[in-house]
> 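One structure, as structure tokens, below. Some questions next.
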Amino acid sequence: MKRRDVENKINRIYRIMSKLMKGAKVHTRQLAEELNVTLRTVERYIEEMKMAGIPVVNRRGVVELQKDFVVDHDYTLSLTARQKKILLLIVELAKKYFGTLYFDDLKEIELKIRDSLQLDSFFWKYATRVDYYYLLNPKSEFIDRNTVEVLEEAMERRYVVSFNYRHPILGWRNYTVEPYRFVFTDEHWYLFCREVSRNFELLLRVSRIHPPVQATGKTFSMPTTHEIESKLSKVWGTHFSNNSYQIEVWFSKKVANKVRETIRHQTQRIRELGDGSLIYSVNICGYREFISWVLSWGAEAKLLSPEWMRKKVIDEINRMRAIYAQDDRH
């Protein structure tokens, strides 16, 4: 039998199994029409499945699996080898950026995808090509899976929850919040929520939430997806505020290409200047992180406006100058 004929046969049997594994009852004549084969061919496939140990029951042309053999899996997903390679890359990203969260599940998914590619030596190359990708020094943190799942349920059921939170400056604090979304930014996972007591929306790092997360018995009205996305669209880094700022920064010709080649925020605009330098403008909240980003460019960047923010940059530079002017080197 030619390879193409074998592949066609395997594909047809797979399609039959896909229906049966869901607990469906199928008629042999209907299968013959769908697979574009004769009734006798379908009956032969069923006999071969029985010989392979699959408990197929055929009663007067109606085929089904024994009930104890049906499993709750979806086998209808049909992926090419290249698509499986992309999934493997996504799994690698997830392993890095979810940290310990779901690590065992992701590892199992990875092994199953690799095993499916290993069935044919021709397609195994797609699995090995994943090894050519490397994620350099991703940040990692411990996230309690039970905490995440409790927060997921609270979002789904609109429960107000409370928990203890380890603030990096203020220490331990108790928060009572309406949980809206998990947000991944600056290589960490955050909870976007509204603190009830202050009626204040903010981002809290998930790894700093100490279990247990407890429902308060109160419910809330979830903002629409559009409302949440509109609020989060102004975030530059990890700080949320209802106040946003229109900011302009000058970048020298030396670094202009580096600035041009990356879209750092959806509101960014670039105005080219005649000497090769440029003006970078953006409308964001969380200005402290933006100031740190501007300072990271050294003398190749200058914050132009607003004036109050420009003065904060100058004050920060003066404080840095004072520190470096000190003679002690500890």
Side-chain angles (χ1 to χ4, degrees), residues 72 74 90-91 93-109 138-245 265-267 284-290 292:
D72 185 20
D74 183 2
I90 293 172
V91 169
L93 284 169
K95 282 163 57 182
K96 300 293 184 183
Y97 292 112
F98 276 112
T100 56
L101 185 65
Y102 307 129
F103 184 83
D104 292 338
D105 294 308
L106 289 167
K107 192 66 180 175
E108 185 176 352
I109 292 170
K139 298 176 183 177
S140 61
E141 58 189 342
F142 175 77
I143 297 177
D144 181 65
R145 185 168 71 177
N146 185 62
T147 294
V148 170
E149 291 177 348
V150 172
L151 288 170
E152 286 176 344
E153 184 174 1
M155 294 176 197
E156 184 179 31
R157 296 178 178 272
R158 313 300 196 251
Y159 289 157
V160 176
V161 296
S162 66
F163 49 78
N164 289 322
Y165 183 82
R166 181 177 50 81
H167 195 282
I169 298 175
L170 303 176
W172 287 103
R173 295 188 60 186
N174 182 263
Y175 282 91
T176 299
V177 305
E178 299 174 352
Y180 294 160
R181 293 291 189 275
F182 291 111
V183 178
F184 187 75
T185 179
D186 194 34
E187 299 193 53
H188 293 289
W189 285 100
Y190 290 82
L191 175 68
F192 181 51
C193 56
R194 185 182 76 87
E195 187 182 1
V196 175
S197 61
R198 293 191 296 167
N199 190 24
F200 183 78
E201 291 166 331
L202 72 166
L203 290 165
L204 297 174
R205 198 149 122 191
V206 178
S207 61
R208 294 174 181 157
I209 297 175
H210 192 272
V213 176
Q214 297 178 319
T216 63
K218 297 179 179 179
T219 59
F220 68 95
S221 178
M222 178 74 77
T224 67
T225 298
H226 175 74
E227 288 171 337
I228 292 174
E229 290 179 350
S230 178
K231 291 175 182 290
L232 292 174
S233 66
K234 296 295 180 68
V235 175
W236 174 264
T238 63
H239 290 91
F240 175 81
S241 170
N242 283 314
N243 298 320
S244 61
Y245 314 98
H265 197 268
Q266 64 185 38
T267 65
I284 60 163
C285 60
Y287 68 88
R288 291 184 181 89
E289 294 169 315
F290 190 83
S292 296

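All residue numbers in this chain count up from 1 along the given sequence.
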> Ignoring hydrogens, what is the shortest heavy-atom contact between Val196 and Val160? Give both atom names and the distance.
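The answer is CG2-CG1, 4.0 Å.
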> So which heavy atom on Lys95 is nearest to which on Phe103, and how close?
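Looks like CE-CE1, 4.1 Å.
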> Counting only heavy atoms not in Arg158, do more than 12 sit closer than 6.0 Å to its CZ atom?
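Enclosed.
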> Could you pull out the closest heavy-atom pair between Val150 and Val213, with the gap in Å?
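Here Val150 and Val213 meet closest at CG1-O, 3.6 Å.
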> Apply side chain to side chain contact (heavy atoms under 4.5 Å, CB included) to the pair Lys231 and Phe192, showing each step before the final yes or no.
CA-CA 10 Å; Lys231 291 175 182 290; Phe192 181 51; 4.1 Å; yes
> List the residues meeting salt bridge (charged side-chain N to carboxylate O under 4.0 Å, His left out) with Lys107, not counting sequence neighbours, and say none if there are none.
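With sequence neighbours excluded, Lys107 shows a salt bridge (charged side-chain N to carboxylate O under 4.0 Å, His left out) to Glu110, given in chain and number order.
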> Verify whether the ring centers belonging to Tyr97 and Phe184 lie closer than 6.0 Å.
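Judged by ring-centre distance (under 6.0 Å), Tyr97 and Phe184 do meet the cut-off.
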> With distance as the sole test, does Thr185 use its side chain to make a donor-acceptor pair with the main-chain N or O of Thr238 at under 3.5 Å?
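Such a contact is absent between Thr185 side chain and Thr238 backbone.
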> When Glu141 is tested against each of Lys96, Arg208, Arg205 for salt bridge (Lys or Arg N to Asp or Glu O under 4.0 Å), which residue passes?
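The option that passes is Arg205.
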> As an exercise, state the distance from CD of Glu201 to SG of Cys193, rounded to the nearest 0.5 Å.
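If I round to the nearest 0.5 Å, the distance is 9.0 Å.
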> Using a 6.0 Å cut-off, check whether atom CZ of Arg198 has over 12 heavy atoms from anything other than its own residue.
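Result for CZ/Arg198: enclosed.
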> Which heavy-atom pair separates Ser207 from Ile143 by the least distance, and what is that distance?
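Taking Ser207 first and Ile143 second, the nearest heavy atoms are CB-CG1, 4.2 Å.
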> Below 6.0 angstrom between ring centroids: does that apply to Phe182 and Tyr190?
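Here the rings of Tyr190 and Phe182 have centres that are no less than 6.0 Å from each other.
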> Using a distance-only test with no angle check, is there a side-chain donor-acceptor pair under 3.5 angstrom linking Arg173 and Asn164?
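Arg173 vs Asn164: no donor-acceptor pair found between side chains.
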> Looking only at heavy atoms, what is the nearest atom pair of Cys285 and Phe240, with distance?
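Shortest heavy-atom separation between Cys285 and Phe240 comes out as SG-CA, 4.1 Å.
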> Does this structure show an ion pair linking Asp105 with Arg145, if we count only N-O contacts that are shorter than 4.0 Å?
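Yes, Asp105 and Arg145 are salt-bridged.
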> State, without any angle test, whether Tyr287 and Glu289 hold a side-chain donor-acceptor pair at a distance under 3.5 Å.
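Tyr287 vs Glu289: no donor-acceptor pair found between side chains.
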> Looking only at heavy atoms, what is the nearest atom pair of Phe200 and Leu202, with distance?
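Here Phe200 and Leu202 meet closest at O-CD2, 3.5 Å.
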> Can you see whether His226 engages Thr224 through a side-chain donor-acceptor pair at a distance of less than 3.5 angstrom?
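Short answer, no.
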